[in-house]
Amino acid sequence: MELQHLRYVVAVAETNSFTRGAERCFVAQSALSHQIARLERELGAKLFDRTSRRVRLTAAGAAFLPAARQCLDAAERAVAEVAAAIGEVRGRLTVGAIPTVAAVDIPLALHEFHQRYPQVRVGLRSGASEELVEQVKEGVIEIAFLGLPTTARPQGVHARELARERLVAVTSQDHPLAGESEVDLRRLTEETFVDFPAGTAGRLQSDEAFAAAGLVREVAFEVTAAPDFMAKIIRQGLAVGMLPPAYAAQLAGVATIPVRDAPGRVEYLVWSRSGLSPAASAFLEALSTSPA
């Protein structure tokens with residue numbers, strides 16, 4: 001079984017298309033299809049169900065995919081370790097981040113890292129904090145930037161606290177609260193809210209604060225890990241929100257109001273406990289963080 005065959009399977013699985021999978025691998029679709037068919041004969045099982053409209057993994061393919069990824073990661077890690085032994089940093093680095101991270105200028109940090117280590121292929125994944133922690137634990141990504149309520153701490157990963165902050169209320173510019181110098185949670189219960197989905201770390205920050213104060217609010221709009229869309233709802237005057245102040249300051253067309261008894265959040269940098277690639281170790285060192 002050749003590594004290239006595994007790359008083809010992963011590419012088709014991730015794109016749900018033989019055409020796009022071939023484009024990702026820079027091969028003709030006919031060649032990719034032939035090699036996957038050859039692998040299926042070797043395994044004695046079909047990996048994909050193909051129709052004229054879609055491609056999807058079979059049960060055998062779903063079982064094969066994690067092992068294929070692990071083999072490719074191991075091969076890539078081996079090449080990177082050899083390079084590190086002779087003083088080079090190369091390979092792949094995937095970083096996860098919540099959209100509202102503010103303690104670190106991630107694009108700038110990645111730019112500077114790429115300038116220093118141009119042979120490292122860098123990927124960035126966005127998601128909710130709890131999802132990113134699981135991805136670090138599973139080895140899908142090695143490093144992530146999170147935001148959690150003050151009552152929580154990342155579990156099963158190495159973690160470094162980056163910053164603590166209190167959320168601010170965000171309204172449309174013509175909202176009655178827009179001119180206020182300060183507001184409290186009790187006054188905010190008179191408003192309709194837009195927030196992240198219930199149970200997520202981004203939502204818990206506010207839910208816990210209102211609950212601790214014995215207050216109930218109405219969340220009429222839920223937005224999945226997309227605070228820019230949340231801002232659009234706020235600008236239309238449909239709802240108010242609560243966001244980190246550094247992130248809210250970047251939004252156009254909204255007003256921000258300090259909240260006297262505001263929810264707090266802690267930003268964390270987290271990384272895997274199971275050992276890091278040379279690229280991940282170098283990135284942590286660039287952030288003045290010991291990977292140990």
To the nearest 0.5 Å, what is the distance between CD (Q205) and CG (L148)?
7.5 Å
Take atom NZ of K232 as the centre, draw a 6.0 Å sphere, and report whether it contains more than 12 heavy atoms from other residues, nucleotides or ligands.
no
When rounded to the nearest 0.5 Å, the distance separating NE2 of H114 from CD of Q119 is 10.5 Å
Does R160 have any side chain to side chain donor-acceptor pair (under 3.5 Å) partners at least two apart in sequence or in another chain, and if so, which?
T289
Is it true that a side-chain atom of E161 and a backbone atom of V266 form a donor plus acceptor pair closer than 3.5 Å?
no
Residues passing the salt bridge (Lys or Arg N to Asp or Glu O under 4.0 Å) test with E190, sequence neighbours excluded, are R187
Closest non-hydrogen contact found for S206 with L167 is OG-CD1, 3.7 Å
Sub-3.5 Å donor-acceptor pair from the side chain of S33 to the main-chain atoms of S30, do we have one?
no
Which atom pair, heavy atoms only, marks the closest approach of V10 to A68?
CG2-CB, 4.2 Å
So with a 6.0 Å cut-off around CZ of R186, is the heavy-atom count from everything else above 12?
no
Evaluate the criterion side-chain hydrogen bond (donor to acceptor under 3.5 Å, both in side chains) for residue pair T100 and R265; output intermediate values, then yes/no.
CA-CA 11 Å; T100 60; R265 86 161 182 178; 2.9 Å; yes
Note: A144 and V136 closest approach over all heavy atoms is CB-CG2, 3.9 Å
Might you work through the side chain to side chain contact (heavy atoms under 4.5 Å, CB included) test for V157 and Y268, ending with a clear yes or no?
CA-CA 11 Å; V157 294; Y268 289 97; over 6 Å; no
E23 bridged to R20 by N-O distance under 4.0 Å
no
Run the numbers on Q155 and R153 for side chain to side chain contact (heavy atoms under 4.5 Å, CB included), then give the verdict.
CA-CA 6 Å; Q155 301 297 315; R153 184 174 174 83; 4.1 Å; yes
Could you list the donor-acceptor pairs under 3.5 angstrom formed between side-chain atoms of residues 234-248 and any protein atom two or more places apart in sequence or on another chain?
unit_1, atom_1, unit_2, atom_2, d
R235, NH1, A252, O, 2.6
Y247, OH, D228, OD1, 2.5

Rounded to the nearest 0.5 Å, what separates atom CG in L32 from atom OG1 in T19?
9.5 Å
Just verifying a value: how many Å separate F196 CZ and M230 CE, rounded to the nearest 0.5 Å?
4.0 Å
Taking side chain to side chain donor-acceptor pair (under 3.5 Å) as the definition, give me every residue that meets it alongside E112, ordered by chain and number, with sequence neighbours left out.
none
Nearest heavy-atom contact between W271 and A159 is CZ3-C, 4.2 Å
Would you name the heavy atoms of I143 and A280 that are closest together and state the gap between them?
CD1-O, 3.6 Å
Pairs satisfying ring pair (Phe, Tyr, Trp, His ring centres under 6.0 Å), at least one member in residues 174-195, at least two apart
F193-F210
Has the side chain of E40 got a donor or acceptor atom that lies under 3.5 Å from a matching backbone atom of L47?
yes
Evaluate whether atom CZ of R38 has more than 12 neighbouring non-hydrogen atoms of other residues, nucleotides or ligands under 6.0 angstrom away.
no
Working to the nearest 0.5 Å, report the span between CG of L146 and CD of E130.
9.5 Å
Is a side-chain N or O of E142 found less than 3.5 angstrom from the main chain of S277, in a donor-acceptor match?
yes
Kindly say whether V12 contributes a backbone atom to a donor-acceptor pair with the side chain of E14 at under 3.5 angstrom?
no
Does any donor atom in the side chain of T15 or S17 lie under 3.5 Å from an acceptor atom in the other side chain?
no
Pairwise side-chain contact, L177 with L188, heavy-atom cut-off 4.5 Å (strictly under)
yes
Spacing of CG belonging to L162 relative to CG belonging to L269, to within rounding of 0.5 Å
5.5 Å
Provide the closest heavy-atom pair for G147 versus S129 in the form atom of the first, atom of the second, distance.
O-OG, 2.9 Å
Verdict with supporting geometry, F283 and V122, side chain to side chain contact (heavy atoms under 4.5 Å, CB included)
CA-CA 10 Å; F283 186 65; V122 179; over 6 Å; no
Return each pair, listed once, that meets ring pair (Phe, Tyr, Trp, His ring centres under 6.0 Å) where at least one residue sits in residues 130-157; pairs must be two or more places apart or across chains.
none
Chi angles and distances behind the side chain to side chain contact (heavy atoms under 4.5 Å, CB included) call for V27, Q35:
CA-CA 11 Å; V27 297; Q35 294 300 330; over 6 Å; no
